[in-house]
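Have a look at the structure below before the remarks.
Throughout, residue positions are numbered sequentially from 1 according to the sequence presented. Whatever order the structure lists ligands and atoms in, that order sets their numbers, starting from 1. Heavy-atom basis, side chains included; hydrogens, waters and symmetry copies ignored.
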Amino acid sequence: MSNKLILVLNCGSSSMKGAVLDNDTGEVLLSCLGDKLILPDAFITFKINGEKHTVDLKDKPNHTGAVEALLHELEAHGLRDRIAAIGHRVVSGGELYSESVLIDNDVIAGIEKCITLAPLHNPAHLLGIRAAMKVFGSLPNVAVFDTAFHQTMPEHAYTYAIPRELYRKYGLRRYGAHGTSYRFVADETARFLGKDKKDLRMVIAHLGNGASIAAVANGQCQDTSMGLTPLEGLVMGTRSGDIDPSVFSFLAQNANMNITQITDLLNKKSGLLGISELSNDCRTIEEEAAKGHEGAKLALEIFAYRLAKYVASMSVASGGIDALVFTGGIGENSNLIRSKVMGYLGFLGLKEDAKANEAARFGNAGIISAEGSPVCAVVIPTNEELMIAHDTARLSGL
Ligand code: AMP
């Protein structure tokens, strides 16, 4: 066990997720979730040694109050002095950051500059960063950007076919997301398969409530399905993914909806939820589909079909496909979705090993394609927090 622990923080506008990790073993010693951080009934829940308890934050219902409560909790458990550095998840680093960085005033200004690209997230991250700097004094702070891994995408992958002036003026281009997960999973896949990641052409599907896919070759991202925002690409829990942009004018003219309402519909009421008219949760949908619910069956089919089409197109970006990797809550657990996707990709010679597919669930990694399959399908659990901890330790010189 390491003496130096890393605190990983992921701040939303009214929430703060935190974890204290042993960077060597990946063990999580404490985790917390602060919520309602702008309201009088703000609270933070701590989980340590398998037990949970909640602390009221009504005297300071903000991010500083949450970080102070976390500091007290760490002191109470004798962990405060073992924290060596703090890593912060940051949604957008735009074109400014292609890797993680130690935070100083210039980096804070850089994260501020990227607010137009992540108007809901970056301001919240800055609240968390400032609170951590204030409460933890001289500890190093590191920013780990969701977009950084995708900065290697070539121009022809990240440019939209719209007037280029919009890119020059506003930075309107594709940036991608889930980059920290892709970086972790690409490394783990190479390790698991006993290969050098530079020799592997991988298509990695990160399938959680938000879902995306990336093409990785030479150890670098070549393309990804999310774009300017996380709305583009695959069908997701509540997001539509790719859609004809004329849907905006169609709904404005026919359903009398404004831009805010349509954006909300595509982000929060669409995807698995919109199609199934049941739930955004893949587990619930699978259960209902098994009982014959038509909407649930259609939602699963569309999810898998669109994903398979994306696997094929991402293989163009990676110059072929040696490994198809599934990760995220759905990717790591739904053998049904994986089986459907592999079925659609049969034309590649990809053949499922049904037994192995059934076994690779609940945190178990595994190869799920049959022996001799020209494309190796594999399940690799992601761990974004550990990736953030690794970067934080490295950049802090630990
Ligand atoms: P994440 O956002 O990565 O936590 O993933 C959440 C998604 O994973 C939700 O749609 C869950 O329904 C899905 N999920 C988790 N466990 C299972 C499971 N055993 N079978 C199918 N989907 C699952």
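- Ion pairing of R361 with E332 is absent here, as no side-chain N (NZ or NE/NH1/NH2) approaches a carboxylate O to less than 4.0 Å.
- Ionic pairing of E68 and K60 is present here: one or more N-O contacts between side-chain nitrogen and carboxylate oxygen are shorter than 4.0 angstrom.
- If you check which protein heavy atom lies closest to atom 16 (N) of ligand 1, you get N333 ND2, 3.5 Å.
- Checked against the 6.0 Å centroid criterion, the rings of Y158 and Y175 do not qualify as a close aromatic pair.
- Salt bridge annotation for R130-E112: present, with a cationic side-chain nitrogen under 4.0 angstrom from a carboxylate oxygen.
- Atoms of ligand 1 lying under 4.0 Å from at least one heavy atom of S334, given by number and element, are 21 (C).
- Less than 4.0 angstrom separates atom 3 (O) of ligand 1 from at least one non-hydrogen atom of the protein.
- If you check each of L207, I285, N209, T327 against atom 6 (C) of ligand 1, the one with the closest non-hydrogen atom is N209.
- Taking a cut-off of under 4.0 Å to the non-hydrogen atoms of R361, the atoms of ligand 1 that pass are 19 (N).
- Considering backbone and side-chain N/O of G329, one or more are found under 3.5 Å from N/O of ligand 1.
- Ion pair R183/D391 flagged as a salt bridge, since at least one NZ, NE, NH1 or NH2 atom sits closer than 4.0 Å to an Asp/Glu carboxylate oxygen.
- The nearest protein atom to atom 20 (N) of ligand 1, hydrogens excluded, is given as R283 CG, 3.7 Å; this is a heavy-atom distance.
- For atom 9 (C) of ligand 1, the closest non-hydrogen atom of the protein is C282 N, 4.1 Å.
- Taking atom 12 (O) of ligand 1 as the reference point, the nearest protein heavy-atom neighbour is D281 OD1, 2.5 Å.
- Between K198 and D196, none of the side-chain N atoms (NZ, or NE/NH1/NH2) sits under 4.0 Å from a carboxylate O, so this pair counts as no salt bridge.
- Under a 4.0 Å heavy-atom criterion, E332 is not in contact with ligand 1.
- The local environment of CZ in F43 is crowded, with over 12 non-hydrogen atoms from other residues, nucleotides or ligands closer than 6.0 Å.
- For ligand 1, the atoms closer than 4.0 angstrom to any heavy atom of G208 are 1 (P), 2 (O), 3 (O), 5 (O).
- Considering both main-chain and side-chain atoms, E286 never comes within under 3.5 Å of ligand 1 through any nitrogen or oxygen pair.
- With respect to atom 13 (C) of ligand 1, the closest heavy atom belonging to the protein is I330 CG1, 3.6 Å.
- For D199 and K195, the salt-bridge test fails: no basic side-chain N is under 4.0 Å from an acidic carboxylate O.
- Between K17 and E385 there is no salt bridge, since no side-chain nitrogen of the basic residue lies less than 4.0 Å from a carboxylate oxygen of the acidic one.
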